[in-house]
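A note on names: the letters A, B, ... follow the listed sequences, proteins ahead of strands, and every chain is numbered from 1.
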There are 2 protein chains.
Amino acid sequence: MQNNALTPPPGSSSARPPRGRPREFDRVAALATATRLFWIKGYEATSIADLTEAMGIGTKSLYAAFGSKDELYAEALEYYYTTYEGLVWTRFRKASTAREAALAFLEDSAIAMTGGDCDLPHGCMATLASVGSDGHAELAELIRATRAGGFDILKARFDRAKIDGDLVLAADTTKLARFVQIVQSGMAIRARDGAERAELHAVAEMALSGWENITATVDQGMEREA
Amino acid sequence: MQNNALTPPPGSSSARPPRGRPREFDRVAALATATRLFWIKGYEATSIADLTEAMGIGTKSLYAAFGSKDELYAEALEYYYTTYEGLVWTRFRKASTAREAALAFLEDSAIAMTGGDCDLPHGCMATLASVGSDGHAELAELIRATRAGGFDILKARFDRAKIDGDLVLAADTTKLARFVQIVQSGMAIRARDGAERAELHAVAEMALSGWENITATVDQGMEREA
DNA sequence: TCCTTTATGCAGTGATCGATGCATAAATAG
DNA sequence: CTATTTATGCATCGATCACTGCATAAAGGA
């Protein structure tokens, strides 16, 4: 949860200026390049050779600056989230109702996953990340936690909507948040397969077209099931 | 599309019985074991050493029987589909309306993705397959084609529903099929992350709770968007 | 100027990757 | 029986994996 060995604060307080030879490359730019590569190809398919070539530095500099491949990936995932989370959550936070928030989240996800306003890689780095769980337990847990964070935000917003009054108290916010999260996850897979933005946009709208039914009848729906 | 080098007919017509030393292992059982391993760990994270150990055979026998890792994966994907597609599509095919078919597909997917009635690996092998596109273009295309097959089945069913009359002619069956496919894809990711069957079951129901709104207003929804 | 500190380039570490050569074992055909 | 055909076990291939030791270059502090 807190900063462990994998995620040291990147721009930690530089109390004294470094005395030796200064770094010849921009660390942030290199991290951005690494992030893009991991985003596109994933952890396992991205080799150190791929990274050093794309970043324009040698392996020694990479390890001196980032420690290991795992630590670099962890920093890249953090960079990814802090840099691009606004694309997906800004309108969500401004929305006045739970439904508007969910729709904004899915619509803006559709935009972000198809390149945004620039040429971002398609798909969601956190959703599509699949680190083989052999010896990378720490990374796998970090990725799972990142995914879980999105769910928590959704559920918290829906819980607040109950207090605000725009969501009935009987609504199951956990299931609601899971549903929205699952739709976004599915969009990520389609985006990686080359889906157009309009397709994902339409899906965002269709997903919430039954909002009133969902929020009002989800519990009695479970009773009907049993 | 047709059988290429990667997918020779496994049980092709044995015109004459083999003359030499018979194989000491069951090829189908070995393929089933390999399929399960690929299903759980994916293509890249599953090594030949992992496979030979799990299958209980040597590398020479593996290559003699299956050709290469790529060809083995292709056969495993085919085995996966032909063996388990019934879990997901049987009730779908029997359904009398498009909505019932879609609901059956999502509900049965929820069951299959959480182990079915035995201890199947969680998640969908085809959906979660992510072969790094470096030098494995043929496999990547095969996987994309497998995913596309599911979409085609859904869309064909919805198109038929228009003729049957239980779906309005104005409905956009392409978007409808994409939506259902995306929900199922998202379920696969959640299943791999350890989702309970009940959670995915609830999502299947929620996804189709706006069916009447979707099928009736999807086009005017697009107009409202523009 | 000299000394310390840091970064870089190059070569190379052991390990593992997918895949093979070779000798041998085991079966059938004659 | 012998000859032929096939499967297997063992050792190993070159390539690549993540990663590091060592010598050198380049900066600041004194």
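With DNA chain D read from its 5' end, the first of the two nearest nucleotides for A:Pro22 and B:Ala64 is the one closest to B:Ala64. Both B:Thr59 and B:Glu24 lie close to DNA chain C; mapped to their nearest nucleotides by heavy-atom distance, the more 5′-ward contact belongs to B:Thr59.
Across all strands shown, B:Phe66 has no heavy atoms under 4.0 Å from either base or sugar-phosphate atoms. At the heavy-atom level, A:Lys69 lies under 4.0 Å from the strands shown only through sugar-phosphate atoms. Using a 4.0 Å heavy-atom criterion, one finds that A:Thr52 contacts no nucleic acid atom at all.
Look at CD1 on B:Ile48: it is 16 Å from P on D:dG9, rounded to the nearest Å. Rounded to a whole Å, the CD atom of B:Glu53 is 16 Å from the C1' atom of D:dG9. The distance from atom CD1 of B:Ile57 to atom P of D:dG9 is 9 Å, rounded to the nearest whole Å. Rounded to whole Å, atom P of C:dT16 lies 19 Å from atom CD of B:Glu44. A straight line from CD of B:Glu71 to P of C:dG18 spans 15 Å, rounded to a whole angstrom. Taking atom CG on A:Leu72 and atom P on D:dC19, their separation rounds to 10 Å, with Å as the unit. Between B:Leu62 atom CG and D:dG9 atom P the separation is 12 Å, expressed in whole Å. The distance from atom OH of B:Tyr63 to atom C1' of D:dA11 is 16 Å, rounded to the nearest whole Å.
Summarising the local packing, CZ of A:Arg91 is surrounded by more than 12 heavy atoms from other residues, nucleotides or ligands at distances under 6.0 Å.
Between C:dT5 and A:Arg21, no contact under 4.0 Å exists linking OP1 or OP2 to a side-chain N or O. For D:dT8, one of the phosphate oxygens OP1 or OP2 lies less than 4.0 angstrom from a side-chain nitrogen or oxygen of B:Ser61.
Looking at B:Arg21 and B:Glu24, a side-chain N of the basic residue comes within less than 4.0 Å of a carboxylate O on the acidic one, giving a salt bridge. Using a cut-off of 4.0 Å between Lys/Arg side-chain N and Asp/Glu carboxylate O, A:Arg144 and B:Asp193 are scored as not salt-bridged.
For the pair B:Lys69 and B:Phe38, the NZ or CZ position fails the cation-pi test of under 6.0 Å to the six-membered ring centre and within 45 degrees of the ring normal.
Checked against C:dC22, D:dG21, D:dC17, the side chain of A:Lys60 finds its nearest nucleotide in D:dG21. The side chain of B:Arg23 sits closest to D:dA7 out of D:dA18, D:dA7, D:dA27.
For the atom pair CZ (B:Arg197) and CD (B:Glu107), the distance works out to 12.0 Å, reported to the nearest 0.5 Å.
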